[in-house]
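Before any comments, here is the structure.
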Number of protein chains: 2
Amino acid sequence: MYINKAFELVKWTEGQTGMNPTVGCVIVKDDRIVGIGAHLTEGEAHAEVNAIHMAGTHAQGATLYCTLEPCSHHGKTPPCTEKIVAAGISKVVYAASDVTLSSGVSYMQSKGIEVEKVEDDAIAAFYAPFFTSKTSSLPYVTIKMATTIDGKTADDESISKWITNDKSRAHAHQVRYGMDAIMVGYNTYKKDTPTLDARLYKDKRIKKVIVTNGPFVLNTQDDNDYDRSRLIIVSAIDQHIDGITVIHVPRLSPEDILKALYNERIRNLLIEGGMQTIRTFIEAKCYNEIHHYIAPKLLGGTSKHQFLTTDTLSSMRDMTHFNLVSVNQFDDDVLLIYRKA
Amino acid sequence: MYINKAFELVKWTEGQTGMNPTVGCVIVKDDRIVGIGAHLTEGEAHAEVNAIHMAGTHAQGATLYCTLEPCSHHGKTPPCTEKIVAAGISKVVYAASDVTLSSGVSYMQSKGIEVEKVEDDAIAAFYAPFFTSKTSSLPYVTIKMATTIDGKTADDESISKWITNDKSRAHAHQVRYGMDAIMVGYNTYKKDTPTLDARLYKDKRIKKVIVTNGPFVLNTQDDNDYDRSRLIIVSAIDQHIDGITVIHVPRLSPEDILKALYNERIRNLLIEGGMQTIRTFIEAKCYNEIHHYIAPKLLGGTSKHQFLTTDTLSSMRDMTHFNLVSVNQFDDDVLLIYRKA
C-alpha cells in the first residue's frame, strides 16, 4: 500500500528529472506517514533524502518505502544508503532493483537494517525503459502508430485527420510527456508541421528531433528562440542553422542516430512518423516498443499508407516477436502496447 | 443473480436449437430454485414450459426468471404465457425483449402477473445476432481474421501456420460452435482442406459452405456421408454433386448468397477466408461483425496477404465505422470484436 503511494509520486514527477529516473519515497512509523519524498531535479536530492529530511527524528526506527532500490554510490549526490543508516531507519522496502549501480542492499543489511523487495509489475514496467537505455547506452525507442482496423494511417488521398478519437489523442499526449524527445522525418515536419509537444505540459520542453537527408528549412511555427532550443536536427549532410542543434550522421543509419541522440542526453525517444522513418527503424530493428492505437474503422483501398510493408519480402522464419504489455480501451479505440520479446 | 443462472443454461445449449435462439429459465420460490428449464431442440418445449413442468405445484406464487421475453404466439408449440398464467406464476423477470413476435408482457400483466425487465448487456449482446437476422431475413455474418500486428494473414511465401496461439485458436473453435455455418472460398477449401468444425463439438453438425465460380471437386477428407451432408456448395454455375446441397447463385453476389443461405436455415454465418471471399463481402458491406485476432508479431514484407486492401481507392468519406464490442486477451494475443455501427 505504501509502495503504491511512493509510485504515485513517481507519476507526478515523471519527465522532470532529466537523465535520472523519477523516484518516490514514503517513510512510515507506527502506521503513520512521517516523511514523503521524491526526486525532483537531476543533480539535486534523491527521494529518500527528501523524505528523511521531512521525517526528522521520526525516521528513527521507521520503515522506508522506495520505488527504486536506494543507491550506494557517490554520484552527483552522496549515497542514499548512508543517509538511511544515519537516520536510524530500521526497515527498507523497495520495488525495482537498480541493475546499473552498485547495490545498496548488502550495505544496509550489514548495518542491521531489514531489507525487503516487493514484486510490483507496474513499477517494474515503469523502470524498464530506464534500465534498458542505461545498459545499452541508447535511447529507449517507442514507435507510435495510429491506424484503422485494417492498418491504414491515412486514406488513398493521404488524409489522416482524425483517425483516432479524442481520448486516444489525449492519451498520446500523456505518453509524450514521459519522453525526452519526439522524432519525425523531415517530410512529416514540413507537411504536418506537428507541434510535438505534450499539449497541456509545455514546460516539459520535450526535444523535437527531425531527421533529414538534405537542407533543413525551419517551419515558421518554430521560428522563435523557445522552439529553436527544442529542435535537434539529425542531418545526412553537414549544415549549420542558427540557434539549432544539428547532428551530422552521414548515412542516417538508425543505430548511429540513436547513439548520437543518447549523447544529447535523450534516453526516452518516441518516433511518431512518417511511415518511411518508422519503416527504417523497424527494418533495422532499432526500437523497443510499439504503441498501436486502433480506431474502429475500415478503409480498404491500396497499401499506400499501410502499417506495415517493407522493401524486403516477409518470412515467418525471421519475423519479430513481441510481448503484449498492456491493452487500453478509449471508448471504441484500443491501444495495444508491445515490447520486443 | 437468478437471471445469470438462466443465462448460464443458454450458454450450455448454444448451437443446438436450429433456427430458434437458446433460452434459459429458472423458477424461484421462497429463495429456493423450484424449476430449471432450457429450450433444447427446435420444435420442442420452450425453456419456460420445461421449468414449469419441473416446478409442478411449486410454481404457484413463484417468480420465473427467463433470458428472453416469454412468447405469446402460437408457433410450433403453444404460447408460453398461457402456461405461465395457468401455472400460477406471480412474477416474471426477463432480460431480452422479443422484438420479432407479439409481446407476451401485456397479456401476462392483464392476468395480474407482475412483469419486470432487467437490463443485462451480456444477454442483450447474445440475442442481437438472432434478432438482426430475423429482422433482415439474412444470416448474421461474422468475418474472422487472424493477423500479425501489421495485418498479415501469411508471409510472402504464403505460409500462415500458426500465426495465433493455442488459446486464440481454442477460442475460435468456441465461436464456431455458436454458428450455423462456416464459409470459405473454393481456393481455401482446396488448399487448406479445413475441417471447419468446432473440434471438440462434432455433434453440432455445423454446415460447411464453399463458394465456387467453377466445377466443385470434393476433397477426399469430405468423401463420406456425414461430411457430404454438412456441405453446402454455393456455385456460380449450375452443377449437381451426389449427396451434397448445391445452391446456384449466378453472379455470386454476396447479398444473393446470404439470401440463399437464409433459405437453407442458416442464421449465424462465420466467414473464415480466404482473403478474396472476405474482400468481396466487405466491399459489398454484407457482414455484421469482425473478429480480429492479433498475434504479437511483425512481418513486414509486401501487402500480398494484407488485411485489407481492396480494388477501389479508399476515402475517409466512405469508410465503415464500427463499435468495439469486446476486447479479449489470450496471453499475448488479442481478439477485438467489432460490430458495424
Side-chain angles (χ1 to χ4, degrees), chain A residues 143 145 147-152 154-157 159-163 279 282-283 285 287 290 292 294-334 336 338-341, chain B residues 143 145 147-152 154-157 159-163 279 282-283 285 287 290 292 294-334 336 338-341:
Chain A
I143 288 176
M145 292 300 313
T147 76
T148 58
I149 298 172
D150 53 333
K152 303 293 193 297
D155 69 12
D156 280 319
E157 299 162 48
I159 297 168
S160 63
K161 298 190 174 186
W162 299 99
I163 285 182
R279 195 179 282 122
I282 285 182
E283 287 191 302
K285 298 191 194 292
Y287 64 100
I290 292 179
H292 190 186
I294 305 173
K297 299 161 186 177
L298 208 57
L299 258 169
T302 75
S303 59
K304 185 175 169 188
H305 296 288
Q306 186 77 53
F307 171 64
L308 172 89
T309 59
T310 56
D311 294 335
T312 47
L313 291 181
S314 66
S315 164
M316 288 281 179
R317 287 181 300 279
D318 61 290
M319 67 182 159
T320 309
H321 292 253
F322 296 82
N323 293 123
L324 179 65
V325 178
S326 76
V327 178
N328 306 271
Q329 205 175 326
F330 306 112
D331 293 338
D332 288 346
D333 284 3
V334 173
L336 305 179
Y338 293 103
R339 191 173 293 152
K340 257 201 301 195
Chain B
I143 289 175
M145 293 298 315
T147 76
T148 59
I149 299 171
D150 53 336
K152 303 293 192 295
D155 69 12
D156 281 319
E157 300 162 47
I159 297 168
S160 64
K161 299 195 174 183
W162 298 100
I163 285 183
R279 194 178 283 122
I282 285 182
E283 288 191 303
K285 299 193 194 291
Y287 64 100
I290 292 179
H292 190 187
I294 305 173
K297 299 161 186 177
L298 209 57
L299 258 169
T302 75
S303 58
K304 185 175 169 188
H305 296 289
Q306 187 77 53
F307 172 65
L308 173 86
T309 59
T310 56
D311 293 336
T312 47
L313 291 181
S314 66
S315 164
M316 288 281 179
R317 286 181 300 280
D318 61 287
M319 66 182 160
T320 309
H321 292 252
F322 296 82
N323 294 124
L324 179 66
V325 177
S326 76
V327 177
N328 304 272
Q329 206 175 325
F330 305 113
D331 293 337
D332 288 345
D333 284 3
V334 174
L336 305 179
Y338 293 102
R339 191 172 294 153
K340 257 201 302 197

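Order of the sequence lines fixes the chain letters, A, B, ..., with proteins taken first and strands second; residue numbering starts at 1 for each chain.
Within the 4.5 angstrom heavy-atom criterion, atoms from both the backbone and the side chain of B:Phe307 approach chain A. Using a 4.5 Å cut-off between heavy atoms, A:Ser303 touches chain B through backbone and side chain atoms alike. For chain A, no part of B:Asp311 is nearby; none of its heavy atoms comes within less than 4.5 Å. Interface remark: A:Glu157 contributes backbone and side-chain atoms alike to the contact with chain B (heavy atom separation under 4.5 Å). B:Ile149 touches chain A through backbone and side chain together, each having a heavy atom under 4.5 Å away. Within the 4.5 angstrom heavy-atom criterion, only side-chain atoms of B:Lys152, from C-beta onward, approach chain A. Neither the backbone nor the side chain of B:Asp318 comes within less than 4.5 Å of any heavy atom of chain A. Contact of B:His292 with chain A is made through the side chain alone, with heavy-atom distances under 4.5 Å.
The two atoms that bring A:Thr309 and B:Thr302 nearest to each other are CG2-C, 4.1 Å, heavy atoms only.
With chain A as the partner, the residue from B:Lys304, B:Glu283, B:Arg317 showing the most heavy-atom pairs under 4.5 Å is B:Arg317. Chosen from B:Ile290, B:Ile163, B:Ile159, the residue pairing most often with chain A at heavy-atom distances under 4.5 Å is B:Ile159. Between chain B and the options A:His321, A:Met145, A:Gln329, A:Met319, the largest number of non-hydrogen pairs under 4.5 Å is found for A:Met319. Interface remark: of the candidates B:Gly151, B:Pro296, B:Ala295, B:Ala154, B:Pro296 forms the most heavy-atom pairs closer than 4.5 Å to chain A. Looking only at heavy-atom pairs under 4.5 Å with chain B, the residue among A:Met316, A:Arg279, A:His305 that has the most is A:Met316.
B:Thr320 and B:Lys340 form no side-chain donor-acceptor contact under 3.5 Å, judged by distance and modelled atom types alone.
Going from atom OG of A:Ser315 over to atom CG of B:Leu299 covers 8.0 Å, rounded to the nearest 0.5 Å. Considering OG1 of B:Thr148 and CD of B:Gln306, their distance stands at 7.5 Å, rounded to 0.5 Å.
Distance alone, capped at 3.5 Å, is enough to place a donor-acceptor pair between the A:Thr310 side chain and the B:Gly301 backbone. Proximity of a side-chain donor or acceptor of A:Asp150 to a complementary backbone N or O of A:Leu298 within less than 3.5 Å is not detected.
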Just do the side-chain contact (heavy atoms from CB on, under 4.5 Å) check on B:Phe322 and A:Asp332 with the steps written out, would you?
CA-CA 8 Å; B:Phe322 296 82; A:Asp332 288 346; over 6 Å; no

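Across A:Leu324, A:Asn323, A:Val325, a single residue satisfies side chain to side chain contact (heavy atoms under 4.5 Å, CB included) together with A:Tyr338, and that is A:Leu324.
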